[in-house]
Amino acid sequence: MRVLVTGGAGFIGSHVVEALRAGGHDPVVFDVRGEAAGDVRDRGAVSSALAGVDAVCHQAAMVGLGKGVADAAEYVSHNDLGTAVLLAAMAGAGVRRLVLAGSMVVYGEGRYSCARHGRVRPGPRSAADLTAGRFEPRCPSCDADLVPGLVGEDAPADPRNVYATTKLAQEHLAAAWARSTDGTAVSLRYHNVYGPGMPRDTPYAGVASFFRSALARGEAPRVFEDGGQRRDFVHVRDVAAANVTALEAEVEGDTAGGALTAYNVGSGEPQTVGGMARALAAAYGGPDPVVTGEFRLGDVRHITADSSRLRAELGWRPEVGFAKGMREFAVARLRGE
Ligand SMILES: NC(=O)c1ccc[n+]([C@@H]2O[C@H](COP(=O)([O-])OP(=O)(O)OC[C@H]3O[C@@H](n4cnc5c(N)ncnc54)[C@H](O)[C@@H]3O)[C@@H](O)[C@H]2O)c1
Ligand SMILES: [Zn+2]
């Protein structure tokens, strides 16, 4: 199938392009960077790129936590205006299949249970608590310690920063498009993606890239909070394979039309951020990580996905385990190095 890959020159998009080619498909790159530069906010450029296309794999976005509210208009412009223009052009061109790069950030804090109150949803952590080193969210009713659990796709949305808000809006736009065109929309809510070609550290990069870039400078990775934050690090080749799986399932009619279906995409092996830093430093042969107690408001404490739905319904399986993936990442080239 011919697939327009927006953001196809990016970290994840370029791996999607490679995986599509390996699967015998015909990917077309659409990205503001690179040779055939095109902006998803440009209706004319998007419409011409859609000629002869069977499906769109929408990876283009402004990513990361950025500079917070100062960047809000740019995030909304690239991510939400861009998605709206793309969807309108798809409706015009009669392209009815979409796979969207979603994100775990739509959930906010993960899933927690309190011994007395069962499942609870703690609000954002206060600056006062974080400054005092109280990193764990507490039960909103009784202030007790909580036990973190796995987040399913049915968890309520609770975006905690500008980027997260724009990723959630992309899903709502895609759902509205699917309803009105009887299109098929799948959102793959990626966990923390890492691997070769990851952009090196900028305010827009992920934590694995910060650590890897520090090691490359000969410095110890600086681990925020107490290092006990839980995340799921999923390898970029597994994420690319999930995109191909979802695109093929849409063609085969295995995903519902007229609605958006969301799937979590995680490795299923949750780690702590401190543990990841230690594994990466050891694989690199660099200095041990330093736990700094610093924090970023808007970061969540624990967020780990239950990715069993994607396995059960579409048969996707991650292939790159944590230890192997980190060994490869330790020596891989980052973008911008
Ligand atoms: N990296 C992660 O851990 C992660 C996690 C969850 C979701 N995601 C999502 O995955 C997608 C890809 O992210 P990535 O990590 O590869 O980032 P990236 O920055 O490497 O790739 C994004 C690409 O989109 C392009 N782009 C941005 N705005 C554009 C526009 N208006 N028109 C055309 N192209 C535009 C950029 O040039 C870039 O090449 C994004 O939608 C992101 O929100 C990433
Ligand atoms: Zn309680």
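Because only heavy atoms are used, hydrogens play no part in the values below, and waters and symmetry mates are left out as well, while side chains stay in. Read the numbers this way: they start at 1 and go in the same order the structure lists the ligands and their atoms. Fair warning: this is a prediction, and the values are worked out from it, not measured in the lab.
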Heavy atom of Asp39, distance to ligand 1 below 4.0 Å: yes

Within 6.0 angstrom of Arg301 CZ, more than 12 heavy atoms from elsewhere: yes

More than 12 heavy atoms from other groups under 6.0 Å of CD on Glu35: no

Contact with ligand 1 for Ala9, non-hydrogen, under 4.0 angstrom: yes

Contact atoms of ligand 1, heavy-atom distance to Arg41 under 4.0 Å: 31 (N)

Protein residue, atom and distance nearest to atom 3 (O) of ligand 1, heavy-atom basis: Val193 N, 3.0 Å

Atom 10 (O) of ligand 1 - nearest protein heavy atom and its distance: Tyr190 CE1, 3.4 Å

Sub-4.0 Å heavy-atom contact, His58 with ligand 1: no

Nearest neighbour in protein (non-hydrogen) for atom 21 (O) of ligand 1: Gly10 CA, 3.5 Å

Closest protein heavy atom (residue, atom, distance) for atom 22 (C) of ligand 1: Ala61 O, 3.6 Å

Selection from Thr166, Leu100, Val63 by shortest heavy-atom distance to atom 42 (C) of ligand 1: Val63

Apex the Zn ion (ligand 2) - arms SG from Cys114 and SG from Cys142 - angle rounded to 10°: 110°

Over 12 foreign heavy atoms within 6.0 Å of CZ, Arg33: yes

Atom 44 (C) of ligand 1 - nearest protein heavy atom and its distance: Ile12 CD1, 3.6 Å

Non-hydrogen atom of Gly102 closer than 4.0 Å to ligand 1: yes

Residues Tyr112 and Glu136: side-chain donor-acceptor under 3.5 angstrom: no

Per-residue contact class, Met198 against ligand 1 - non-hydrogen pairs under 4.0 Å: neither

Same apolar cluster: Phe30 and Ile12, side chain cutoff 4.5 Å: no

Arg212 side-chain N/O to Ala332 backbone N/O, donor-acceptor pair under 3.5 Å: yes

Cluster link Val16 to Val234, ILVMFWY, side chain under 4.5 Å: yes

Non-hydrogen atom of Ser77 closer than 4.0 Å to ligand 1: no

Backbone or side-chain N or O of Pro199 under 3.5 Å from ligand 1 N or O: no

Ligand 1-proximal atoms of Tyr194, by part, heavy-atom distance under 4.0 Å: neither

Protein heavy atom at shortest distance from atom 36 (C) of ligand 1: Asp31 OD1, 3.5 Å

Any His191 heavy atom less than 4.0 Å to ligand 1: yes

Asn161 side-chain N/O to Ala164 backbone N/O, donor-acceptor pair under 3.5 Å: yes

Opening angle between SG in Cys139 and ND1 in His117, taken at the Zn ion (ligand 2), to 10 degrees: 110°

Main-chain N/O of Pro196 paired with His15 side-chain donor or acceptor, under 3.5 Å: yes

OG-CG distance between Ser77 and Asp39, expressed to the nearest 0.5 angstrom: 7.5 Å

Closest approach of any protein heavy atom to atom 28 (N) of ligand 1, naming residue and atom: His78 ND1, 3.1 Å

